[in-house]
Amino acid sequence: MNHPKELQPSLTRSVGMNTDPMPTSLYTDPAQFETERERVFRRSWLMVGRIERIPKAGDFFVKELAIFKTSLIVARSEDGRVRAFHNVCAHRANIVEHRACGNAKRFVCRYHSWGYNNAGDLAHVPDEAGFLGLDKKKCGLTQVTVEVWDGWIFINMAQAPEVSLQEFLGPMADAMAGIEYPNPDHPIVLRGEFNANWKVVAENFSEAYHIASIHPKTLGPLYTGQANPFSRPLSANLYGAHRSLSLWLNPTAAPFAKSKFAQWLFSAGHSITGTRQEGQVNTITEHRGVNPTKNEHWSSDVNWFFPNWHMQISANQFWTHEFWPISSTKTMWEARFYNRKATRVRERLQLEHFTSHITDTMLEDFGNIESMQAGMESGAKPFVHFNESEILCRHGLEQVAKWSAAETAKDALA
Ligand code: FES
Ligand SMILES: [Fe+2]
């Protein structure tokens with residue numbers, strides 16, 4: 001292949017990674033999944049949402065964590081602090097909050113009406129005199145460790161975190177801190193359950209190698225072209241357990257050349273995948289961690305925070321993917337695409353177009369995610385092979401293997 005000069009001839013080697021095939025059992029072995037629960041997910045800081053979801057005191061959302069057989073209430077208390085609790089009643093352990101989100105001064109268990117304030121303290125017990133020796137102070141909702149970094153809420157499911165959030169994020173935080181996220185309170189949310197291991201789902205959104213093959217009409221016109229037919233990345237960076245790559249944009253792409261309506265629709269600055277338009281200035285592109293080589297043919301970045309979420313970013317929007325394991329072969333996926341709020345009809349139409357376009361793209365992905373797991377389960381192929389463009393998948397898998405083998409989180413981060 002004739003590489004454009006800007007593309008690395010061997011990205012994998014340039015960042016010091018090996019190029020060997022990787023074992024398929026990492027995706028299929030139930031014992032590996034048990035190890036990942038304890039050594040990857042329990043030790044890691046897990047991103048559960050942005051603070052814009054709970055701006056006011058009493059705002060809360062419930063986060064299902066099937067891998068830990070629990071759900072958490074993530075709430076902003078009256079004192080302004082963000083807290084997280086197991087969503088389980090101290091009376092006889094019923095689930096307390098059944099709404100997905102809302103605003104509450106009290107979380108009231110519907111079974112016998114024990115009530116908790118939004119700092120998690122037990123505030124009300126009907127017929128309290130009927131409990132002999134009940135210590136209400138010890139019967140609050142069970143707290144979970146929570147920290148906020150740059151507007152992202154993280155929880156840690158260890159009894160006590162082995163490493164601080166700052167240590168955990170390490171060089172990724174150094175690279176990404178201070179990004180001004182546009183429209184952080186206005187996401188389109190897509191959600192679905194897959195019959196596939198969480199890593200298979202995560203990997204789908206981590207490589208552009210498949211664009212030419214399964215997205216020729218949706219993403220292909222922008223992300224592939226004569227100069228880069230297989231969507232090779234512009235650059236990649238490994239940040240401790242985390243990783244990032246920058247994708248190329250076809251500078252000659254004219255996806256709407258044939259449609260007068262589409263030209264009108266997109267002439268006001270909102271492009272099909274949020275990519276930059278000519279002459280457009282946006283402060284995101286100035287940030288040191290975004291398009292770090294400042295390549296003029298840049299389309300977007302994939303930032304994969306270990307273990308299970310992506311923050312992807314283009315010149316005028318950002319979006320996230322979360323990959324929540326349910327079992328070794330089931331995953332809950334949730335994507336949030338943050339768009340500007342429509343203030344006129346044309347912007348409303350742009351938003352609708354974006355939603356249908358991105359949904360079409362996702363549908364092209366979905367069948368392959370499940371059929372890949374099915375193929376892996378057959379045992380016919382003990383190894384998988386990663387292309388240069390799949391460098392994030394390789395690093396993700398290597399890190400899972402490293403954390404699975406490490407006695408401590410500190411060892412895993414070393
Ligand atoms: S189980 Fe919650 S009030 Fe009884
Ligand atoms: Fe895809």
Side-chain angles (χ1 to χ4, degrees), residues 62 70-71 73 85-99 104 106-117 120-131 134-136 138-142 190 192 194 196 199-224 229-233 245 247-250 272-275 299-302 304 310 312 314 319-321 323 331 333-335 337 354 356-373 386-387 389-393 396:
V62 171
T70 194
S71 70
I73 300 174
F85 329 101
H86 282 276
N87 186 14
V88 179
C89 181
H91 175 219
R92 283 168 52 206
N94 199 356
I95 300 299
V96 176
E97 183 56 65
H98 289 264
R99 291 170 292 176
R106 289 262 195 282
F107 301 110
V108 180
C109 179
R110 66 187 180 187
Y111 207 0
H112 314 88
S113 292
W114 280 33
Y116 303 85
N117 67 22
D121 309 314
L122 178 59
H124 177 68
V125 174
D127 189 18
E128 195 178 334
F131 289 94
L134 181 75
D135 185 350
K136 270 168 67 185
K138 291 190 178 149
C139 292
L141 297 172
T142 304
L190 304 177
F194 290 103
K199 299 187 289 299
V200 173
V201 186
E203 288 172 5
N204 174 73
F205 300 100
S206 307
E207 50 96 352
Y209 182 41
H210 72 255
I211 287 181
S213 184
I214 66 164
H215 303 302
K217 295 218 168 92
T218 46
L219 298 181
L222 287 164
Y223 288 94
T224 65
F230 298 109
S231 250
R232 288 278 194 99
L245 68 70
L247 290 170
W248 181 81
L249 176 73
N250 181 353
I272 191 162
T273 54
T275 48
S299 64
S300 56
D301 288 344
V302 181
W304 183 352
H310 279 187
Q312 302 199 10
S314 67
W319 59 102
T320 57
H321 293 277
F323 315 104
T331 300
W333 160 79
E334 183 174 298
F337 293 87
F354 176 81
S356 64
H357 180 258
I358 206 70
T359 309
D360 282 352
T361 309
M362 298 289 137
L363 289 172
E364 290 165 346
D365 287 310
F366 291 167
N368 290 291
I369 291 172
E370 295 201 340
S371 59
M372 194 152 105
Q373 183 73 32
F386 290 116
N387 179 272
S389 294
E390 298 169 309
I391 188 168
L392 296 196
C393 307

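Remember, it's 1-based here, ligands and their atoms both numbered in the order they're listed.
In the displayed structure, Tyr209 atom OH is contacted under 6.0 Å by at most 12 heavy atoms of other residues, nucleotides or ligands. Annotation: Tyr111, atom OH; neighbour count of heavy atoms from other residues, nucleotides and ligands within 6.0 Å does not exceed 12. More than 12 heavy atoms of other residues, nucleotides or ligands shown are found within 6.0 angstrom of CZ on Arg99.
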side-chain contact (heavy atoms from CB on, under 4.5 Å) between His91 and Phe131, worked out:
CA-CA 10 Å; His91 175 219; Phe131 289 94; 3.7 Å; yes
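Around atom 2 (Fe) of ligand 1, the protein atoms of type N, O or S found under 2.8 Å away are Cys89 SG, Cys109 SG, listed by chain and number. Annotation: protein N, O or S atoms under 2.8 Å of the Fe ion (ligand 2) (waters excluded) comprise His210 NE2, His215 NE2, Asp365 OD1, Asp365 OD2.
When each of Val88, Val108, Asn87 is checked for a side chain to side chain contact (heavy atoms under 4.5 Å, CB included) with Val96, only Asn87 meets the rule.
For the ring pair (Phe, Tyr, Trp, His ring centres under 6.0 Å) test, residues two or more places apart in sequence or in another chain that qualify with Trp304 are His310. In this structure, the ring pair (Phe, Tyr, Trp, His ring centres under 6.0 Å) partners of His210, at least two apart in sequence or on a different chain, are His215.
Of all heavy-atom pairs spanning Arg106 and Ala123, the tightest one is CZ-CB, 3.7 Å.
Taking the six-membered ring where the residue is Trp, the centroids of Phe205 and Trp319 are separated by 6.0 Å or more.
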